[in-house]
Participant: 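Questions regarding the structure given below will be posed in turn.
Keep in mind that this is a model prediction, so the values were computed, not measured. Here is how names work: the chains are called A, B, and so on, in the same order as the sequence lines, proteins then strands, and each is numbered from 1.
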Number of protein chains: 2
Amino acid sequence: MADIELDERKVKILNAIIKNYLETGEPVGSRTISKYTDLNLSSATIRNEMSDLEELGYIVQPHTSAGRIPSDKGYRFYVNNLIAAKDKEVSDMQEWMIEKTEKMESLLKNVAKMLATNTQYATLVSAPSVVSNKVKFVQLSAVDEHQVLSVVVMDGNIVKNKIIQVEKPLDNETMLKLNMLLNTNLNGLTVDQINLAVISRLKEQAGIHDEIISQVLDTVAETITEDDDLQVYTSGATNIFKYPELADSKKASELLTTFEEKQSLVELLTDNGKTDETGIQVYIGEETPIATMKDCSIVTATYELGDGVKGTIGIVGPKRMDYENVVNNIKSLKGQLDKILKDEDSKT
Amino acid sequence: MADIELDERKVKILNAIIKNYLETGEPVGSRTISKYTDLNLSSATIRNEMSDLEELGYIVQPHTSAGRIPSDKGYRFYVNNLIAAKDKEVSDMQEWMIEKTEKMESLLKNVAKMLATNTQYATLVSAPSVVSNKVKFVQLSAVDEHQVLSVVVMDGNIVKNKIIQVEKPLDNETMLKLNMLLNTNLNGLTVDQINLAVISRLKEQAGIHDEIISQVLDTVAETITEDDDLQVYTSGATNIFKYPELADSKKASELLTTFEEKQSLVELLTDNGKTDETGIQVYIGEETPIATMKDCSIVTATYELGDGVKGTIGIVGPKRMDYENVVNNIKSLKGQLDKILKDEDSKT
DNA sequence: ATTAGCACTCCTCATTAGTGAGTGCTAGCA
DNA sequence: TGCTAGCACTCACTAATGAGGAGTGCTAAT
């Protein structure tokens with residue numbers, strides 16, 4: 001791609017500038033590079049090269065007579081061409097942690113937390129979307145005379161429940177019949193297959209005349225289809241204070257509010273098909289779909305739990321984030337999630 | 001109490017200073033008071049009185065030749081003596097919202113959110129502690145050959161569940177027997193009554209020799225006793241950016257981290273018995289039990305769900321928070337929570 | 001007891017000058 | 001032709017200075 005316009009030396013210099021800037025966060029000057037790199041060149045030569053790089057749009061001067069910092073294009077080049085994809089295992093901690101947890105919810109919370117601790121950036125994890133998930137098991141039980149408990153187990157062992165208030169108790173026989181009915185009719189269906197038609201067919205079979213049964217069936221349907229209000233888990237949002245370029249009151253406030261509200265984060269996590277073959281996606285600066293994150297970079301990965309049921313992991317940090325570390329971390333984690341969730345699924 | 005050392009005029013002036021400071025956040029000078037109040041006094045007179053008030057510790061000068069701001073003692077006096085406890089109803093929105101939600105979790109989330117929107121401060125709500133909550137209903141069901149679902153309903157309709165992996169399927173009869181056994185033995189017990197002794201008695205009755213049954217019973221016990229990792233819901237944490245005295249990078253970072261980690265918030269929410277007859281507790285500045293909140297004030301209230309099962313609502317804001325509004329808000333909310341939770345409970 | 005007046009304090013803000021990091025350019029060198 | 005040394009220039013950052021103003025404390029007069 002950009003190989004035509006950049007000779008080897010320019011690439012080396014650009015790389016050096018970015019590496020240095022990632023560490024310090026300060027504009028980097030020609031003298032620094034002249035000493036930092038192994039190509040023995042004077043600062044003057046570097047200056048000429050830097051001038052070229054600036055003209056080509058890879059670096060930028062915050063003001064005349066300051067050093068240079070990478071532009072979005074520069075970062076992009078770095079991410080595309082310069083990251084050594086070392087597949088080294090990222091800490092055993094991860095595996096251990098994942099082994100231990102069994103509930104989806106706490107698993108994802110832990111994933112977010114661990115990733116935040118590991119990277120020192122803000123992280124977000126979305127739960128696998130349930131829309132195309134299948135019903136595995138349904139059960140109604142009489143808790144007491146006026147309350148019926150409806151429990152649904154989905155593929156991937158996601159358990160949902162709801163308590164139904166009923167006017168008068170359901171007798172045992174009806175209960176049994178309903179359970180049979182529900183399981184034979186709903187098992188194997190996905191959430192979006194359970195629509196009004198299915199429900200009314202159920203009601204017919206159960207004896208549509210009974211008001212209570214009708215109500216119960218409605219609630220079961222609700223239990224299943226109820227969207228668990230967009231499950232996004234975040235962690236380490238306050239890490240942004242570690243990066244001066246994001247820590248000023250105004251920016252931090254906006255960013256943290258975005259994180260707190262979670263709503264808009266969904267946009268980020270819904271797979272837009274632009275992920276590359278590794279399933280990992282990097283947004284730099286202006287590329288991000290969320291306005292309040294214009295000064296950030298975001299790395300996301302989608303993980304799968306079989307059958308196209310997908311969730312997403314994301315990391316948000318300053319543009320000068322340690323892309324190498326982050327990408328490796330997220331890649332390793334994605335792999336493990338893919339694995340564990342499929343395993344758990346196949347255990348059934 | 002302080003009635004001896006403060007004559008009526010001083011009280012009026014102190015009140016005026018605090019009111020004014022609550023609004024502006026700026027130190028308030030003698031001239032301002034001289035015009036603001038109805039007691040026609042010149043600024044010089046006010047100055048003398050303020051000098052006295054300062055000596056008595058109710059107000060403080062941030063630096064020589066600045067106006068005065070209330071000290072913690074001043075705020076305390078204000079809260080104790082000067083707040084008009086108008087019991088006016090706080091927005092119908094509240095009731096409406098509470099009616100609508102049925103799940104404890106989303107109910108509390110909404111409470112936190114609404115309170116944050118209403119007051120523009122940060123809020124936290126802890127779920128009712130489950131320790132002394134009673135088991136109402138237990139059920140095991142075979143999801144498939146290798147998985148058994150354990151569901152427990154507690155008083156207040158809190159539902160817990162867990163999936164148990166079993167080596168080989170349990171036959172219907174055993175299942176039925178176990179369910180009978182569990183319900184007759186556990187119903188009505190509180191969480192902390194369910195200890196090892198109870199469990200082993202259960203095992204004995206069920207036929208201790210069976211490894212699988214033993215495992216299943218252990219997991220049921222786990223399901224019940226498992227602490228739902230300290231359920232604290234927060235909202236509006238980013239509101240602190242609205243108050244310059246808290247918004248600087250360092251303080252905001254500390255505060256928000258405290259909120260994000262939630263762990264330490266528990267300290268705040270565990271009832272320490274110091275609440276007054278209304279169940280409402282106000283911490284001002286140094287009085288707060290959490291170090292990072294030394295520059296804040298906190299108002300908490302405990303709500304009950306019968307039988308001494310308690311949860312807490314809290315508001316965190318700057319010391320110059322609108323105590324009157326906050327106290328009223330929280331009082332009204334507490335009342336409604338008390339009511340609704342008891343109602344729901346008595347519906348059983 | 002209250003008030004007017006005045007000197008004083010000290011924060012705030014804008015201006016100024018000094019410093020240094022870093023650049024662009026030019027001329028000289030291999 | 002490519003590299004380098006040198007120099008003038010730019011501009012953010014810092015500290016010092018001073019004017020302005022809000023507010024106080026004290027004193028003397030009412």
Side-chain angles (χ1 to χ4, degrees), chain A residues 5-14 16-21 23-71 74 244-245 247-248, chain B residues 6-14 16-21 23-71 74 244-245 247-249:
Chain A
E5 56 180 14
L6 292 187
D7 59 30
E8 193 180 343
R9 196 168 73 178
K10 283 197 172 55
V11 170
K12 266 191 182 166
I13 292 175
L14 178 56
I17 293 175
I18 296 184
K19 277 262 175 59
N20 192 289
Y21 183 70
E23 278 175 30
T24 64
E26 297 285 299
V28 13
S30 53
R31 229 177 91 81
T32 316
I33 299 300
S34 137
K35 286 190 289 184
Y36 188 78
T37 55
D38 46 356
L39 23 82
N40 285 318
L41 292 175
S42 78
S43 62
T45 314
I46 304 288
R47 274 205 290 284
N48 289 329
E49 295 287 40
M50 281 165 82
S51 179
D52 293 352
L53 282 172
E54 179 159 15
E55 209 169 332
L56 292 169
Y58 290 96
I59 52 179
V60 144
Q61 257 183 316
H63 55 264
T64 17
S65 86
R68 308 300 214 288
I69 63 177
S71 67
E245 64 265 49
D248 80 282
Chain B
L6 292 186
D7 59 30
E8 193 180 343
R9 198 170 71 179
K10 282 196 173 55
V11 169
K12 266 191 181 164
I13 292 175
L14 178 56
I17 292 175
I18 296 185
K19 276 264 175 57
N20 193 287
Y21 183 70
E23 277 175 30
T24 64
E26 298 284 299
V28 13
S30 53
R31 228 176 92 82
T32 316
I33 299 299
S34 136
K35 285 190 289 185
Y36 187 80
T37 56
D38 48 354
L39 24 81
N40 287 318
L41 291 175
S42 79
S43 61
T45 314
I46 305 288
R47 275 205 288 285
N48 290 329
E49 295 286 42
M50 282 165 83
S51 180
D52 292 352
L53 282 170
E54 178 160 19
E55 209 169 332
L56 292 169
Y58 290 96
I59 51 181
V60 144
Q61 256 183 317
H63 55 263
T64 18
S65 87
R68 309 301 214 286
I69 63 177
S71 66
E245 64 266 50
D248 79 283
S249 199

Participant: At under 4.0 Å, does any side-chain N or O of S30(B) touch on OP1 or OP2 of dG23(D)?
Facilitator: no

Participant: In whole angstrom, give the distance that lies between atom CD1 of I59(B) and atom C1' of dG25(D).
Facilitator: 14 Å

Participant: How close or far is atom P of dT4(D) from atom NZ of K35(A), stated in whole angstroms?
Facilitator: 16 Å

Participant: Expressed in angstrom and rounded to an integer, what is the separation of M50(B) atom CE from dC26(D) atom P?
Facilitator: 14 Å

Participant: Name all residues meeting the salt bridge (charged side-chain N to carboxylate O under 4.0 Å, His left out) criterion together with E23(B); count only those two or more places apart in sequence or in a different chain, and write none if there are none.
Facilitator: none

Participant: Using atom names, set out every protein N or O paired with an N or O of nucleotides 2-6 of chain C below 3.5 Å, distance rounded to 0.1 Å.
Facilitator:
{"residue": "dT2(C)", "atom": "OP1", "partner": "R9(B)", "partner atom": "NH1", "Å": "2.9"}
{"residue": "dT2(C)", "atom": "OP2", "partner": "R9(B)", "partner atom": "NH1", "Å": "3.3"}
{"residue": "dT2(C)", "atom": "OP2", "partner": "R9(B)", "partner atom": "NH2", "Å": "3.2"}
{"residue": "dT3(C)", "atom": "OP2", "partner": "S42(B)", "partner atom": "N", "Å": "3.1"}
{"residue": "dT3(C)", "atom": "OP2", "partner": "T45(B)", "partner atom": "OG1", "Å": "2.6"}
{"residue": "dG5(C)", "atom": "O6", "partner": "R47(B)", "partner atom": "NH2", "Å": "3.2"}

Participant: In whole angstrom, what separates I13(B)'s CD1 from dT24(D)'s P?
Facilitator: 12 Å

Participant: Answer yes or no: is there a side-chain heavy-atom contact under 4.5 Å between I17(B) and Y58(B)?
Facilitator: no

Participant: If you compare every side-chain N and O of R68(B) against the phosphate oxygens of dT24(D) (OP1, OP2), does one of them come in below 4.0 Å?
Facilitator: yes

Participant: Provide, to the nearest angstrom, the distance between the OH atom belonging to Y36(B) and the P atom belonging to dG23(D).
Facilitator: 15 Å

Participant: With side chain to side chain contact (heavy atoms under 4.5 Å, CB included) as the test, pick out the partner of L53(A) among I59(A), N48(A), I46(A).
Facilitator: I59(A)

Participant: Quick one, give me the B/S/- string for nucleotides 10-18 of chain D, reading 5' to 3', where B means a protein heavy atom under 4.0 Å from the base and S means that only happens at the primed atoms, P, OP1 or OP2.
Facilitator: BBS------

